[in-house]
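Scroll down for the structure; my scribbles are underneath it.
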Amino acid sequence: MCLFIPAIIRGLSLPVSFSLHSELLPTLITYLEAIREALAKALNDDPRVYIYGQDVGFFGGAFKATKGLSQRFPGRVIDSPISEDAMVGSAIGASIQGMRPIIEMQFADFSTVGFNQIVNQAATMFWRTGVACPITIRLPCGGTSGSGPFHSQSLEGIYSQYPGLVVLTPATVEDAYSMLLAAVECDDPVIFCEHKYLYYHLKADGLPNEALPIGKARITRAGRDATVVTYSAMLHECLAAAEELAGEGWEIEVIDLRSVKPLDTDTVLASVARTGRVLAVGEAWPWGGVTAEVLARIASEGFNLLDAPPMRLNAKDTPVPFHPNLWGTHRPTAKTIADALRSLLRL
Amino acid sequence: MLPTTPVPHPTSKASDFSETFRRAYRWMLLARLAEEKMASLYRAGKITGGVFLGKGQEAISVATGIALRDGDVFAPLIRDQAGRLAFGESLLDFTLTYMGARSGPMRGRDGNVHRGRPREGMLPMISHLGAMVSVVNGILMANRFQGRLGSVGAASLGEGATSTGAFHEALNQAAVEKLPLILVITNNQYSYSTPNSRQFACADLVDKAAGYGVSGHTVDGTDLADCLKLIGNAVECARAGGGPQLVIATSLRLVGHGEHDDSHYVSAHLREMPLGRDCLTVAESRILSESWADKVTLDSWHRDSLHQIEEAVAYSTREAAPDPAQEDWCAYSSRQLSEG
């Protein structure tokens, strides 16, 4: 499988929310560094943890998420053959035997080669046998400019469809760190969707000392006129859209789901009860998936709370395109989200 | 409760080959008769789902199960009743699971050949062929992490599974990691209805061993003595650090893929060939010709097996079926994550 060169995304123009820390300060930590720090902490604190994936050893991984870890933790950060099925299968076996494997898929897209082991073996193990399967599978997911159809996919919806899997989609540096640690501690198989677009650009002042539990959403921006429910990199597009609409006098509430399975329906419904209008935004494809699930729950459990039909905005129903001109239009952006919100507010 | 080990373990030394042979034969006999009983229950409409028999493969299966010991791991496939018993699975796990009893190891959540007890080294196969091999690899990797040396893992497959990507990935992974894996391929000439000519094009499946850089062995799967010796050696080789062992056993499936299948497609010519021999009959002849037991003793083993099977079936028939109202509909070990 070909290697994608992550440096290509560095030249992108970014939503307003990213530019807060555009002056690189030495104390700032990126989303990717937070993941690396969480991996190091997990390896350091728990002898059951090991990392297994393609190029993760001496090389430090395609995105450098494991840079330096094989030297710091000899024998516990292991290069695998290009065998996604066997990578996941072996992690399942090791977890039965008391280990806490962390599998790095080079790209989320390649996890489909290991799909059978994930959805049929890992996801069913506890239900069938009563024996837990605590594995963490890291999926570098989502689109970046120039990555094309096979290095850009968002697969949280398809994994969430399967019983027994926990699916996490951190949108912030702090969540990338604390939720990865929570994933490793979790006794069930976790699909950890880390967004490649956020790896280098998203920065925070430091690592958090405390965290929301898995399954709790966060109201990132409070508002009263409409609710936007989103997750992962789309959070930042939605925040930029909310900022734009604030200039027009609208107060948009933005909810970061953080975890798409389990899904925090209570927080979503409570917000919709306040605003009466909702837009669900996801980078994944439009047929089914997380945004459809969010709207289905609102429609069935909170129909009477709505002042307007619930809306959703997803990527187009085509493979993810290669060229930046096409890619920038394929997925929702701050502009298309703002437009959708204007429609929703007019209804 | 019935005893969990239906055939008494031998009192004499395991190094006594005739004793090992007799013990293996008794597991084969018990497996054959138990499966025949299950087939008759199936025909009587008493079994939910399919019934899959290992007739013709008991020798290679029992040789695998009997070569393993406590701390080893076994990933059986659908024709491994004999190996399961020899490895330590109780007859009750077999009957309770086929009958869907709530008290069985799968509690009605999964059935028939999908039973297992992962914590005791008996892996519950999923239906996707080849998928259990890398799970065994992972257990062996964990053993190495944890300093548990000297344990091995065995996985059973049919020749059809060698066509899967999972087989390839897992055997290559085991080779790269130099794991103590014994991969036993029983070439029974048909994958469901597909003959070998439509399954692979190599002259002999054992030639694959060189491609993966692992040891390869072939054995006549109808000959219990050969199976016991060859698998025993392969297991010891793996245990001693010799890396993965690929074993190709040749046999013929003497039944349909499942009891729903009349196997009309099996060539009459193959049935007449030596590989079409019934390994149980061959083993019985060997016992009599070597005077390792007389006919009266064989008859008593037969009666004893039938008695155990009747007891297990009677017990399992009385056990309650799963109750959807009582079922714990939660697929998570972390209960707080359930949205149920």
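Proteins get letters first, then strands, A, B, ... in listed order; numbering begins at 1 in each. Because only heavy atoms are used, hydrogens play no part in the values below, and waters and symmetry mates are left out as well, while side chains stay in.
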Exercise. Which value, rounded to the nearest 0.5 Å, describes the distance between B:Leu337 atom CG and A:Ser259 atom OG?
Worked result: 8.0 Å
Exercise. Distance-only, no hydrogens or angles: does the B:Arg109 side chain make a donor-acceptor pair with backbone N or O of A:Trp127 under 3.5 Å?
Worked result: yes
Exercise. More than 12 heavy atoms of other residues, nucleotides or ligands under 6.0 Å from CG of B:Asp323: is that the case?
Worked result: yes
For this session: Against chain B, label A:Ile78 side chain, backbone, both or neither, depending on which of its atoms sit under 4.5 Å from a heavy atom there.
Result: side chain
For this session: Assess whether atom CG of A:Leu305 is packed by more than 12 heavy atoms of other residues, nucleotides or ligands within 6.0 Å.
Result: yes
Seminar exercise, completed: Checked A:Ile92, A:Asn120, A:Ile96 vs chain B; the most non-hydrogen pairs under 4.5 Å come from A:Asn120
Exercise. When rounded to the nearest 0.5 angstrom, what is the spacing between CD in A:Gln121 and NE2 in B:His128?
Worked result: 9.5 Å
Exercise. Between CD of A:Gln97 and CZ of B:Phe145, what distance do you get to the nearest 0.5 Å?
Worked result: 12.5 Å
Problem set entry | Residues forming a side-chain contact (heavy atoms from CB on, under 4.5 Å) with B:Ala67, sequence neighbours excluded | B:Ile231, B:Val235
Exercise. Non-hydrogen atoms of chain B under 4.5 Å away: do they reach the side chain of A:Pro163, the backbone, both or neither?
Worked result: both
Seminar exercise, completed: When every non-hydrogen atom of A:Ala94 is compared with those of B:Ala142, the smallest separation belongs to CA-CB, 3.9 Å
Exercise. Any idea which heavy atoms bring B:Pro118 and A:Met125 closest together, and the distance?
Worked result: CG-SD, 4.3 Å
Exercise. What pair of heavy atoms forms the shortest contact from B:Ser134 to A:Gln117, and how long is it?
Worked result: OG-NE2, 3.3 Å
Exercise. Which residues pass the salt bridge (Lys or Arg N to Asp or Glu O under 4.0 Å) test with B:Arg115, sequence neighbours left out?
Worked result: B:Glu89
Exercise. Considering only heavy atoms, which portion of B:Pro124 lies under 4.5 Å from any heavy atom of chain A: side chain, backbone, both, or neither?
Worked result: both
For this session: Could you tell me which portion of B:Met141 (side chain, backbone, both or neither) has an atom closer than 4.5 angstrom to a non-hydrogen atom of chain A?
Result: side chain
Exercise. In terms of heavy-atom proximity below 4.5 Å to chain B, should A:Ser80 be classed as side chain, backbone, both, or neither?
Worked result: neither
For this session: Using modelled atom types only, decide if a donor and an acceptor are shared between the side chain of A:Asp188 and the backbone of B:Ser334 within a distance under 3.5 Å.
Result: yes
Exercise. Donor-acceptor pair, A:Arg128 side chain versus B:His114 backbone, under 3.5 Å?
Worked result: yes
Seminar exercise, completed: Highest number of heavy-atom pairs under 4.5 Å with chain A among B:Asp110, B:Ile126, B:Val176 belongs to B:Ile126
Exercise. Got a donor-acceptor contact below 3.5 angstrom from the B:Gln173 side chain to the A:Ser83 backbone?
Worked result: no
For this session: Take atom CD of A:Glu301 as the centre, draw a 6.0 Å sphere, and report whether it contains more than 12 heavy atoms from other residues, nucleotides or ligands.
Result: yes
For this session: Would you mind checking which part of B:Arg117 comes under 4.5 Å of any heavy atom in chain A, side chain (CB onward), backbone (N, CA, C, O), both or neither?
Result: neither
For this session: Mind checking the OH-SG spacing from B:Tyr332 to A:Cys186? Nearest 0.5 Å is all I need.
Result: 8.5 Å
Seminar exercise, completed: Among residues 44-53 of chain A, those lying within the under-4.5 Å heavy-atom range of chain B are A:Tyr50, A:Tyr52
Problem set entry | Smallest separation among heavy atoms of A:Gly130 and B:Arg107, with atom names | N-NH2, 3.4 Å
Problem set entry | Pairs where residues 161-181 of chain B contributes a residue and the test salt bridge (charged side-chain N to carboxylate O under 4.0 Å, His left out) is met, not counting sequence neighbours | B:Arg144-B:Glu177
Problem set entry | A:Thr129 OG1 to B:Met122 CE distance, which is reported to the nearest 0.5 Å | 13.5 Å
For this session: Heavy atoms only, distances under 4.5 angstrom: which of B:Val136, B:Val135, B:Leu123, B:Leu140 has the most pairs with chain A? Name it, please.
Result: B:Val135
Problem set entry | Residue B:Phe200 excluded, over 12 heavy atoms near CZ under 6.0 Å | yes
